[in-house]
Amino acid sequence: MDFDLSEEQRLLKDSVERLVADKYDFESRKRYGAEPKGYSDALWTQYAELGILGLPFAEEDGGFGGGAVDTMIVMEALGRALVLEPYLATVVLGGGALRRAGSAAQRQKIIPQIAEGSLKLALAHAEPQARYNLANVAATAKRDGDGWVLNGAKSGVLHGDSADLLVVSARVSGDQTAENGVALFLVPADAGGLTRRGYATQDGLRAADIDMAGVRVGADALIGGESDGLAVVRRVYDDAIAATSAEAVGAMQRALELTVEYIKTRNQFGQPIGNFQALQHQAVDMFTALEQARSMAMYATMMTQEEDADERARAMAATRVQVGRSGRVVGKNGVQLHGGVGVTIEFAIGHYFKRLTMIDAMFGDADHHLGILSDLGGLLPAA
Amino acid sequence: MDLSFTPEEQAFREEVREFFRTALPEKLRAKLRAGHHVSKDEQVEWQRTLNKKGWAVPHWPVEWGGTGWDPVRQYIFREELMAAPAPEPLAFNASMCGPVIIQFGSEEQKKRFLPRMANLDDWWCQGFSEPGSGSDLASLKTSARRDGDFYVVNGQKTWTTLAQHADWIFCLVRTDPSAKPQRGISFLLIDMKTPGITVRPIITIEGGHEVNEVFFDDVRVPAENLVGEENRGWDYAKFLLGNERVGIARVGASKERVRRIKLLASESRHGNPPVLENARFREKLAAIEVELKALEMTQMRVVANMATLDGKPDPASSILKIKGSEIQQTLTELMVELAGPEALAYQPHGADGRNEPAAAPEWALTSAPNFFNYRKVSIYGGSNEIQKNIISKQVLGL
Ligand SMILES: Cc1cc2nc3c(=O)[nH]c(=O)nc-3n(C[C@H](O)[C@H](O)[C@H](O)COP(=O)(O)OP(=O)(O)OC[C@H]3O[C@@H](n4cnc5c(N)ncnc54)[C@H](O)[C@@H]3O)c2cc1C
């Protein structure tokens with residue numbers, strides 16, 4: 001058992017943390033959010049220079065050959081600063097589909113562009129009717145000569161409004177919730193017949209609803225097989241669960257620090273409010289929640305390598321339960337301990353609370369995953 | 001012991017319900033049900049409708065527009081109001097400043113302010129908290145120096161709810177800086193149009209504008225606007241805060257939310273099975289209903305005891321704020337859970353040009369903002385930590 005980071009990983013951690021510490025204070029974040037895309041393209045270029053955009057991709061594809069732990073390190077650092085740029089959407093979700101299932105030709109064409117920061121991706125899988133059922137795909141793909149024609153609607157596509165290239169799931173065969181028969185396609189965002197409605201999300205990020213009416217793509221747009229796209233999506237979502245758990249841990253860590261700093265310096269009744277045990281214990285509850293979540297984020301990171309889909313599903317569901325619940329404790333207590341300023345837009349703590357809430361809602365909330373886990377029989381066998 | 005309402009009380013409930021059925025504009029009802037705030041004009045119009053009926057300030061003495069209802073009828077009225085759901089009469093007028101003036105104000109003040117308060121001709125706001133004085137309210141610094149027939153007010157109030165709409169503000173100000181903190185405070189009524197007052201918005205986490213900072217720079221206030229005696233303001237403030245005890249649990253509002261959640265959760269959306277078919281969700285909702293029922297019974301005990309305790313607070317009343325706020329917060333959280341992925345989109349009113357409408361229903365789009373915003377209910381009006389301090393000291397004797 002070894003929880004230590006390698007020398008390389010430590011360097012990575014230092015450099016990402018430094019970049020974020022230098023460039024991503026609360027005021028800068030506000031400025032980036034006000035830019036046309038809702039984030040900073042200048043910083044995107046810096047991420048490319050730092051090498052984190054190509055991090056998880058194989059070297060022969062133009063990436064840097066990093067592993068899940070490297071992604072965890074980056075996401076945690078980005079989480080600390082509530083980074084707005086589409087790292088998750090481009091590298092983990094859209095890029096992840098390519099990494100997990102793209103052909104050599106697709107990977108070698110696209111991944112270098114991701115790594116150099118010139119191409120942004122988004123994964124358009126969720127649909128309005130699907131709620132948290134990943135198999136519920138009503139969008140269709142029909143063969144059309146050599147290529148395909150896509151029709152249907154996607155919703156809540158993270159950073160779908162500014163992505164250049166979309167990874168879109170669509171049903172080739174089977175009924176609407178069948179496990180088989182879904183395929184993934186690479187669709188340029190400016191494809192004819194595709195319309196996007198972009199909007200801000202509750203946590204200050206961006207998303208889009210997407211309509212496809214007779215969108216034509218070539219044969220080379222298909223990622224993987226024409227029937228097993230859902231397995232790829234599940235795999236990529238598991239990667240994203242690990243990644244967002246690390247992001248949540250970074251956010252929780254910073255939220256705890258902000259809260260502890262605040263109650264040490266805020267005076268009421270002639271003393272720092274941090275003197276009151278009622279508040280000390282709530283801060284300790286935040287700390288406990290954080291450390292439990294950190295452990296599960298590491299567990300999930302490890303389990304992204306697990307090839308048994310059921311085992312992996314259990315681990316990811318368990319992680320989501322813990323991280324979701326921990327996020328609530330940290331977010332709520334953090335706001336409460338700040339008093340009135342905690343519910344204002346001018347204080348960072350509320351933004352952490354919002355992001356933690358939205359991470360929970362993103363791939364199925366804690367209770368949804370508790371259901372999955374209990375349906376799978378929990379983690380331990382009866383004995 | 002008899003827990004049922006008398007036939008007269010039930011008939012009264014019917015009468016109230018019927019009034020709300022006919023008098024409450026459908027647009028307002030729909031707005032509240034969707035989780036939106038009402039506008040100033042809507043609030044004013046509705047309060048005037050209530051006032052015309054004689055129901056804007058039911059708990060005031062009859063001579064000042066009250067109804068003479070006993071505590072049970074007042075309770076039923078409030079519950080039906082929230083169930084409708086209808087906007088409550090502006091609390092700053094009806095439950096805060098009004099009762100203080102009635103109890104401690106001069107005859108002239110009563111005549112001048114109360115009728116306009118009841119009719120919402122004047123919108124009042126509450127100037128108690130300051131940047132350095134939240135939980136420790138008695139440390140407040142805003143000063144009022146006597147100068148002939150005037151007080152000259154300097155300082156800053158904050159968290160002033162809806163000051164942007166207000167015509168008047170009732171303030172706690174320090175009139176004797178040398179006395180012990182609680183002894184040097186006075187209760188002053190200030191016209192918001194007086195020169196030297198600046199109102200600056202504070203935006204809350206979900207993006208709303210409901211609170212403000214209010215700055216006072218050599219604001220000259222006629223001495224006749226002092227309520228009661230100079231340096232007795234702390235007593236009046238305690239009276240004001242104690243007054244709100246019963247309403248603060250907001251049982252009726254939470255019942256309305258539960259009913260609403262049940263209705264929404266029982267509808268099939270996009271051809272999916274209703275969320276209510278999910279046992280986990282059902283059980284969570286049921287668990288909250290248990291808490292809410294218990295709180296309702298506690299509140300009824302407090303209401304029923306009010307007559308016998310003769311104004312002294314019932315020890316059980318102290319839990320109303322804590323439990324009431326926790327339940328309200330949990331219900332906003334359940335609403336987010338119900339909305340699921342449809343809670344994601346942020347749709348500010350008055351788009352900033354970068355946002356296009358997301359394809360989610362109104363109630364889902366307001367769910368997360370309300371969840372975020374409702375963190376306030378365990379912070380304002382005496383935070384839950386402060387409430388627990390009070391209970392452990394005053395009730396448990398610790
Ligand atoms: C949305 C909103 C609307 C409001 N509207 C109004 C209004 O209209 N008029 C008005 O005058 N005020 C208003 N308030 C102010 C409100 O009453 C104060 O926010 C509240 O009293 C808490 O004060 P504070 O924000 O300074 O927090 P602080 O007092 O700084 O408290 C910070 C944290 O410390 C805790 N704490 C403080 N002292 C103790 C202690 N002794 N033991 C244990 N814990 C403690 C608190 O519980 C809280 O968790 C409003 C506030 C909000 C958020």
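Here is the naming used below: chain letters follow the sequence lines, and residue numbers restart at 1 for every chain.
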Item to check | Heavy-atom proximity to chain A below 4.5 Å, by part of B:Glu333 | outcome: side chain
Next on the checklist: Looking at B:Arg257 and B:Thr332, would you say the former's side chain and the latter's main chain have a donor-acceptor pair under 3.5 Å?
Outcome noted: no
Item to check | Test log, rule salt bridge (charged side-chain N to carboxylate O under 4.0 Å, His left out), inputs B:Lys323 and B:Glu291 | outcome: CA-CA 8 Å; B:Lys323 260 300 148 198; B:Glu291 294 253 18; 3.1 Å; yes
Checklist outcome for this item: In short, A:Arg234 meets A:Ala135 closest at the heavy-atom pair NH2-CB, 4.1 Å
Checklist entry - Where on B:Pro369 is there a heavy atom nearer than 4.5 Å to chain A: the side chain, the backbone, both, or neither? => result both
Item to check | A:Ala138 backbone acceptor or donor facing A:Arg171 side chain under 3.5 Å | outcome: no
Item to check | is_close_aromatic(A:His369, A:Phe363), centroid dist under 6.0 Å | outcome: no
Checklist entry - With no hydrogens and no angle check, is any side-chain donor or acceptor of B:His37 less than 3.5 Å from a backbone partner on B:Glu210? => result no
Item to check | B:Phe372, part contacting chain A, at a heavy-atom distance under 4.5 Å | outcome: both
Checklist entry - Taking B:Ala343, B:Gly271, B:Ser139 one by one, which has the highest count of heavy-atom pairs under 4.5 Å against chain A? => result B:Ala343
Checklist entry - Does the ring center of B:Phe371 lie less than 6.0 Å from the ring center of A:Phe353? => result yes
Item to check | Most contacts with chain B, counted as non-hydrogen pairs under 4.5 angstrom, among A:Gly340, A:Ala208, A:Gly350 | outcome: A:Gly340
Checklist outcome for this item: Tightest non-hydrogen contact, residues A:Leu82 and A:Arg29, listed as O-NE, 2.7 Å
Checklist entry - Stepwise, does the salt bridge (charged side-chain N to carboxylate O under 4.0 Å, His left out) test hold for B:Glu283 with B:Arg280? => result CA-CA 5 Å; B:Glu283 284 169 12; B:Arg280 265 180 313 280; over 6 Å; no
Item to check | Heavy-atom proximity to chain A below 4.5 Å, by part of B:Ile202 | outcome: side chain
Item to check | Interchain contact, B:Lys388 with chain A, by part (heavy-atom threshold 4.5 Å) | outcome: neither
Next on the checklist: Does any backbone or side-chain atom of B:Ser129 lie under 4.5 Å from a heavy atom of chain A? Answer side chain, backbone, both or neither.
Outcome noted: neither
Item to check | Engaged part of A:Leu279 at the chain B interface, taking heavy atoms whose separation is under 4.5 Å | outcome: side chain
Next on the checklist: Using a 4.5 angstrom heavy-atom cutoff, name the option from A:Arg196, A:Gln176, A:His368, A:Arg328 with the most pairs to chain B.
Outcome noted: A:Arg328
Checklist entry - Measuring heavy-atom distances to chain B, does A:Asn133 have an atom under 4.5 Å in its side chain, in its backbone, in both, or in neither? => result neither
Checklist entry - Side chain, backbone, both or neither: which part of B:Ala138 has an atom under 4.5 Å from a heavy atom of chain A? => result neither
Item to check | Part of A:Thr201 within contact of chain B (heavy atom distance under 4.5 Å) | outcome: both
Next on the checklist: Can you tell me which portion of A:Asp367 sits under 4.5 Å from chain B's heavy atoms? Options are side chain, backbone, both or neither.
Outcome noted: both
Next on the checklist: Using heavy-atom distances under 4.5 Å, tell me whether B:Arg375 contacts chain A through its side chain, its backbone, both, or neither.
Outcome noted: both
Checklist entry - What option among A:Met358, A:Gln282, A:Met362, A:Arg266 has the most heavy-atom pairs under 4.5 Å with chain B? => result A:Arg266
Checklist outcome for this item: Of the listed B:Leu338, B:Val211, B:Val336, B:Asn278, the one with the largest count of heavy-atom pairs under 4.5 Å with chain A is B:Leu338
Checklist entry - Taking the inter-plane angle between the rings of B:Phe170 and B:Phe128 on a 0 to 90° scale, is it parallel (under 30°), tilted (30 to 60°) or perpendicular (over 60°)? => result perpendicular
Item to check | Pairs of heavy atoms under 4.5 Å with chain B: top-ranked of A:Gly364, A:Gly339, A:Ala130, A:Ala366 | outcome: A:Gly339
Checklist entry - Can you check whether B:Glu206 reaches A:Lys354 side chain to side chain, under 4.5 Å on heavy atoms? => result no
